[in-house]
Protein chains: 2
Amino acid sequence: MAVVVKPKKEAGEKPTRIQEINRGVILDAALEMFSTYGFRGTTIDQIADKAAMSKPNLLYYFKRKDDIYAAVLEATLDEWLRPLHALDQDGEPVEELRRYITRKLEMSAKKPAASRFFANEILHGAPHIHGFLKTDLKKLVDEKSGVIRKWVSEERLAPIDPYHLFFLIWATTQHYADF
Amino acid sequence: MAVVVKPKKEAGEKPTRIQEINRGVILDAALEMFSTYGFRGTTIDQIADKAAMSKPNLLYYFKRKDDIYAAVLEATLDEWLRPLHALDQDGEPVEELRRYITRKLEMSAKKPAASRFFANEILHGAPHIHGFLKTDLKKLVDEKSGVIRKWVSEERLAPIDPYHLFFLIWATTQHYADF
DNA sequence: CAAATTGTTGACTAATCGGTCAAAATACAG
DNA sequence: CTGTATTTTGACCGATTAGTCAACAATTTG
């Protein structure tokens, strides 16, 4: 008797409606908890409570605590970087920087959890995104540093080290969000 | 038969040589671990390992994990505040601020653990020093804010909100230490 | 509706962690 | 050296936590 092997699930199948909703709910809850209590300070039970579901149910969507953290990181990283992406070398320098800072401040105010989450990650040496920071983020920062340098060389902006400028903006917007 | 009660130990007796050494070793180890992994992320075993002693031995010197944290806080706070204390209203404003920032940067570079420790505490809403922050630190910051305001009113310094200035300096020096 | 798949959970386990304790080892005073 | 106070530790305990599992419920599909 021939047995027809019918695969139950292909890798990379599209998520169901329920999966999409619940993953979102979990990530929101997890971001809130991780940003407040850190990785070790947050329990899966706490996240499950906040997401209004049982722990086994949560673990049905994310097999391990590390996976939840990684997913939160990935989901938040894009948003955190978006303001910097928008810095346009063809714009007017002071106006571009003003818009960048405004966007950063807005983001810190509107999504304080995301902001705290990253501050925390970076403060502790970015242990979970070290590889990423060394590649993608560095590339982006290098690219935008080039824009600043270009403006300085064209004498459209007072001389300043681009890295110092970014640090100044990141640090200050973050602190305003904290307090 | 009269029993002579001979107290074994008076409160506030001077610590023995061994106590002095071991408390120091423990505080160094604890600062390193707490600043890297946070309060919840650090285990007593880890601190004991770093201090090269057994856990019960460590707990002989500090009865609870909270006590270790509090002791680290107390031991480090003074150092963290010292640069601000030195801000002198009778000095030349720009030179005073330059010196303050330089000292802050030196401290962040020389004692990164202490610096991270406080950044971490403040980022999470200073849960362990809330009372202190509300009194002593606030008083100090208010006092030094008065110095800044005085300089501004005498037109010896460009107009700036003193709190914003301190945040700017703290945030930036900390970020330099992190990266 | 009926079968199959997906979603949900109570009950459990193994490991970790903060903290205790009694007993052994060491340092120290007379 | 002798006795006493101090220091050190292995073994242990109760609580918490990450993660499992088998059974049950809901949803989707045909």
Side-chain angles (χ1 to χ4, degrees), chain A residues 3-27 29-30 32-34 36-73 127-128, chain B residues 3-27 29-30 32-34 36-73 127-128:
Chain A
V3 175
V4 176
V5 176
K6 181 183 169 193
K8 296 274 171 77
K9 181 151 192 171
E10 296 284 344
E13 236 173 324
K14 78 169 179 191
T16 68
R17 183 179 52 92
I18 294 176
Q19 277 166 10
E20 205 149 344
I21 291 172
N22 281 351
R23 280 177 201 271
V25 170
I26 292 168
L27 290 185
E32 191 61 36
M33 301 310 289
F34 282 142
T36 307
Y37 302 109
F39 181 76
R40 290 283 305 270
T42 300
T43 69
I44 298 181
D45 284 282
Q46 287 171 345
I47 302 174
D49 272 6
K50 190 135 211 150
M53 69 179 65
S54 68
K55 179 167 65 170
N57 196 18
L58 187 151
L59 287 166
Y60 169 73
Y61 292 100
F62 296 93
K63 280 239 161 301
R64 347 199 97 249
K65 192 182 176 184
D66 289 346
D67 295 343
I68 311 175
Y69 193 90
V72 170
L73 203 55
H128 297 89
Chain B
V3 175
V4 177
V5 176
K6 180 185 168 190
K8 297 277 171 76
K9 181 149 193 175
E10 297 284 344
E13 237 173 325
K14 77 169 182 192
T16 67
R17 182 180 53 89
I18 293 177
Q19 278 165 10
E20 206 149 344
I21 291 172
N22 281 351
R23 280 176 201 270
V25 170
I26 291 168
L27 290 184
E32 191 62 35
M33 301 310 288
F34 282 141
T36 306
Y37 302 109
F39 181 75
R40 292 283 305 271
T42 299
T43 68
I44 299 181
D45 285 281
Q46 286 171 346
I47 302 174
D49 273 6
K50 190 135 213 152
M53 68 181 64
S54 68
K55 179 168 64 169
N57 197 18
L58 186 150
L59 287 167
Y60 169 73
Y61 292 101
F62 297 92
K63 280 242 160 297
R64 346 199 101 251
K65 192 183 178 185
D66 289 345
D67 295 343
I68 311 174
Y69 194 90
V72 171
L73 203 55
H128 297 89

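Computed from a predicted model, the values in this text were never measured in an experiment. Quick note on labels: first sequence line is chain A, next is B, and so on, each numbered from 1. Excluded from the calculations below are hydrogen atoms, water molecules and symmetry mates; all remaining heavy atoms, backbone and side chain alike, are included.
- Here B:Phe34 contributes atom CZ and B:Leu73 contributes atom CG; the two are 10.0 Å apart, rounded to the nearest 0.5 Å.
- Near DNA chain C, defined here as any heavy-atom distance below 4.0 Å, the residues from residues 61-70 of chain A are A:Tyr61, listed numerically.
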N/O to N/O distances under 3.5 Å, protein versus nucleotides 21-23 of chain D:
none

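- In this entry the distance linking CZ of A:Phe39 with C1' of D:dT17 reads 12 Å, nearest Å.
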Atom pairs under 3.5 Å, N or O on each side, protein against nucleotides 26-30 of chain D: can you list them with distances?
residue: D:dT28; atom: OP1; partner: A:Arg17; partner atom: NH2; Å: 2.8

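- Applying the side chain to side chain donor-acceptor pair (under 3.5 Å) test to every pair with at least one member in residues 60-73 of chain A, sequence neighbours left out, gives these pairs: A:Asn22-A:Tyr61, A:Tyr69-A:Glu121.
- For A:Val72 against A:Ala30, the heavy-atom pair with the smallest separation is CG2-CB, 3.7 Å.
- Listed by residue number, the members of residues 40-55 of chain A with any heavy atom below 4.0 angstrom from DNA chain C are A:Arg40, A:Ser54.
- Put simply, the side chain of A:Leu27 reaches to within 4.5 Å of the side chain of A:Phe62, judged on heavy atoms.
- Contact check, B:Asn57 against D:dT7: no side-chain N or O comes under 4.0 Å of OP1 or OP2.
- Nearest heavy atoms, B:Glu20 versus B:Pro15: OE1-CG, 4.1 Å.
- Taking the side chain as every heavy atom from C-beta outward, B:Thr43 and B:Tyr37 never approach each other to under 4.5 Å.
- Within the structure, the salt bridge (charged side-chain N to carboxylate O under 4.0 Å, His left out) test picks out the following pairs touching residues 37-57 of chain A (sequence neighbours left out): A:Asp45-A:Lys55.
- Across every non-hydrogen atom of A:Glu32 and A:Thr36, the tightest pair is O-OG1, 2.8 Å.
- OP1 and OP2 of D:dT6 both lie 4.0 Å or more from every side-chain N or O belonging to B:Gln19.
- If you find the closest nucleotide of DNA chain D to B:Thr16 and to A:Leu59, the one lying nearer the 5' end belongs to B:Thr16.
- A:Ile68 contributes atom CD1, which lies 4.5 Å from atom CD1 of A:Ile47 (distance to the nearest 0.5 angstrom).
- A straight line from OH of B:Tyr37 to C1' of C:dC17 spans 17 Å, rounded to a whole angstrom.
- Put simply, B:Tyr60 has no side-chain N or O that comes within less than 4.0 Å of OP1 or OP2 on D:dT8.
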